[in-house]
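Not measured: the values here are computed from a predicted model. Order of listing sets the numbers, starting from 1, for every ligand and every atom in it. If you read the sequence from its start, that first residue is 1, and numbering goes on from there.
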Amino acid sequence: MKGRKLLMIPGPIEFEPAVLAAMGAPTTSHVAPDFIEVFGQALERMRELFLAPDGQPFIVAGSGTLAMDLAGANLVEAGDKALVVNTGYFGDRYGDLLSRYGADVTHVRAPIGQRPSLSEVEAALKSDTYKLMTVTHVDTSTGVVTDVKALAQLARNYNVLIVVDGVCSIAGEELRMTEWGIDVALTASQKAVGTPPGLALVVAGPRAMEAFQARTSPAANYYADWANWLPIMKAYESRTPGYFGTPAVNLVAALNVSLGLILKEGVETGFERHRMLSRACRAGIQALGLGQVPVSEELAAVTMTAPRYPAGIDVPAFLGHVGAGGVILAGGLHPEIKGEYFRIGHMGPVSRGDILATLGAIEMALSSSGYEFDRGAGLAAAMAAFT
Ligand code: PMP
């Protein structure tokens, strides 16, 4: 289509035509039998995607920040101690959010592009009695991935609830909620889940629900209160109507289509595809002589890449040149290094062709910026990584 560009930012992403068709279908009543079936199925599919057979799914209209808020508002009571495993911008946000509910927040931080070591997190867990710990699976401001499996084990050892902000990970990065012992995992519709922005998606495990039931005060957020939403989720899943706030009917229908496509590909196959595409993208960036924000391969997410600009580039013009090549990429987000790097999202229904189109547009933009490099090297490295 003339003028249409490929959207390769870390959310929102490119959506499948069938998902967009569901967005455009006539809106039904939120208590119509066909919508009750769709909502119920979407809840069941959430459990499958999160690999959380014993989890309680919540689908609520709002963005990823509301998903963070649902966990924060329902698990924190004033005076509770919370530990934030902080790898960037969204760790800072989680700390701020938890303190609004009266939590006493401690951050374990790492230099930009790195993550706190397990021994640093363990030392923090030993030093105080925390109720919960939050972990950003992939911090979208740095592209650093955390070792959620090992952190969940630590949380279990110290009897601390673990909340995983999987907004930039779920349906891309490997995450096994029940097997790894994660108490809450959350995301938003517009990322790897592949549905337009507007839904907060949360799965709470049994320990999180027990902690919620054991509260001595009601959640200090009316809209986010699980006491309001739990009966609604249970009703739709048992295929009966319920009402607290009008659900985002078309978004829920679109989500159900997207979840169906994700499960049809297979969750494990999807993890592997994300690993393969990200390897290729990073290989291409490296072959062009560009550095990356995560300081090592092991720390780099599979859902996004955060390349550093080479020296001497006209940064404000660069993404415009990429756009002229037909691809939309994102600028930096971390306030301390904002002008030093850009971000490529490769999550959801991304193909090898999308990675090649992106690297091609980056190569053309580097040429237009006067950067000297071996033309085609990025594309060749990506193609080699595919095979
Ligand atoms: N956490 C992470 C890791 C994110 O990447 C984002 C969004 N980029 C959010 C939370 C917040 O999500 P939203 O913008 O949908 O509120």
- Near Thr65, which atoms of ligand 1 are under 4.0 Å from a heavy atom of that residue?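 Result: 11 (C), 12 (O), 13 (P), 16 (O).
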- Report the C-alpha distance between Leu333 and Arg343 in whole Å, list the side-chain angles of each, state the deciding distance to 0.1 Å, and finish with yes or no for side chain to side chain contact (heavy atoms under 4.5 Å, CB included). CA-CA 9 Å; Leu333 177 64; Arg343 297 176 300 147; 3.8 Å; yes
- Query: For Leu66, is the nearest heavy atom under 4.0 Å from an atom of ligand 1?
  - Reply: no
- Item | Protein heavy atom at shortest distance from atom 5 (O) of ligand 1 |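 Here the nearest protein heavy atom works out to Thr140 OG1, 2.3 Å.
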- Message: Looking at ligand 1, is there an atom of it that comes within less than 4.0 Å of some heavy atom belonging to Thr136?
- Response: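 Under 4.0 Å: yes for Thr136.
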- Message: Is it the case that the side chain of Tyr94 and the backbone of Met68 share a donor-acceptor pair, with hydrogens and angles ignored and the cut-off at 3.5 Å?
- Response: yes
- Task: Could you list which atoms of ligand 1 come closer than 4.0 Å to a heavy atom of Val138?
- Result: 3 (C)
- Proximal ligand 1 atoms for Met68, defined as those under 4.0 Å from one of its heavy atoms: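 Selected atoms, number and element: 10 (C).
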- Query: Just distances here: any N/O of Asp139 and N/O of ligand 1 closer than 3.5 Å?
  - Reply: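 For ligand 1, there is no N or O atom that lies under 3.5 Å from one belonging to Asp139.
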- Using the ring of each side chain (for Trp, its six-membered ring), is Phe39 parallel, tilted or perpendicular to Phe35, with breaks at 30° and 60°?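 It falls in the perpendicular class, over 60°.
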- Task: Answer side chain, backbone, both or neither: which part of Lys191 comes under 4.0 Å from ligand 1, heavy atoms only.
- Result: side chain
- Message: Using only atom types and a distance under 3.5 Å, with no angle test, would you say the side chain of Gln114 pairs donor to acceptor with the backbone of Val295?
- Response: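 Pair absent, no side-chain N/O of Gln114 close to backbone of Val295.
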- Close N or O approach (Ser63, ligand 1; < 3.5 Å):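 Min N/O separation from ligand 1 is below 3.5 Å for Ser63.
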- Item | Carboxylate-amine/guanidinium contact Glu174 Arg176, below 4.0 Å | yes
- Message: Using a plain distance cutoff, I'd like to know if Gly64 has any nitrogen or oxygen under 3.5 Å from a nitrogen or oxygen of ligand 1.
- Response: yes
- Item | Spacing of Ile59 atom CD1 and Thr195 atom OG1 [to the nearest 0.5 Å] | 9.5 Å
- Task: Please lay out, stage by stage, how Arg109 and Asp92 fare under the test salt bridge (Lys or Arg N to Asp or Glu O under 4.0 Å).
- Result: CA-CA 10 Å; Arg109 295 176 193 273; Asp92 291 344; 2.9 Å; yes
- Consider ligand 1: state whether an atom of it lies below 4.0 angstrom from any non-hydrogen atom of Gln190.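 In this structure, Gln190 qualifies as a contact of ligand 1 - some heavy atom is under 4.0 Å.
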- Query: So, does Ser189 use its side chain to make a donor-acceptor pair with the main chain of Leu199 at under 3.5 Å?
  - Reply: yes
- Item | Between Tyr130 and Asp80: side-chain donor-acceptor atoms closer than 3.5 Å |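 No, because no side-chain N or O of Tyr130 sits under 3.5 Å from a partner of the opposite role on Asp80.
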- Query: Going by the order shown, which atoms of ligand 1 are within less than 4.0 Å of some heavy atom of Asp165?
  - Reply: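 Heavy-atom distances to Asp165 below 4.0 Å select 1 (N), 2 (C), 3 (C), 10 (C).
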- For atom 9 (C) of ligand 1, which protein heavy atom lies nearest, and how many Å away is it? Phe90 CE2, 3.3 Å
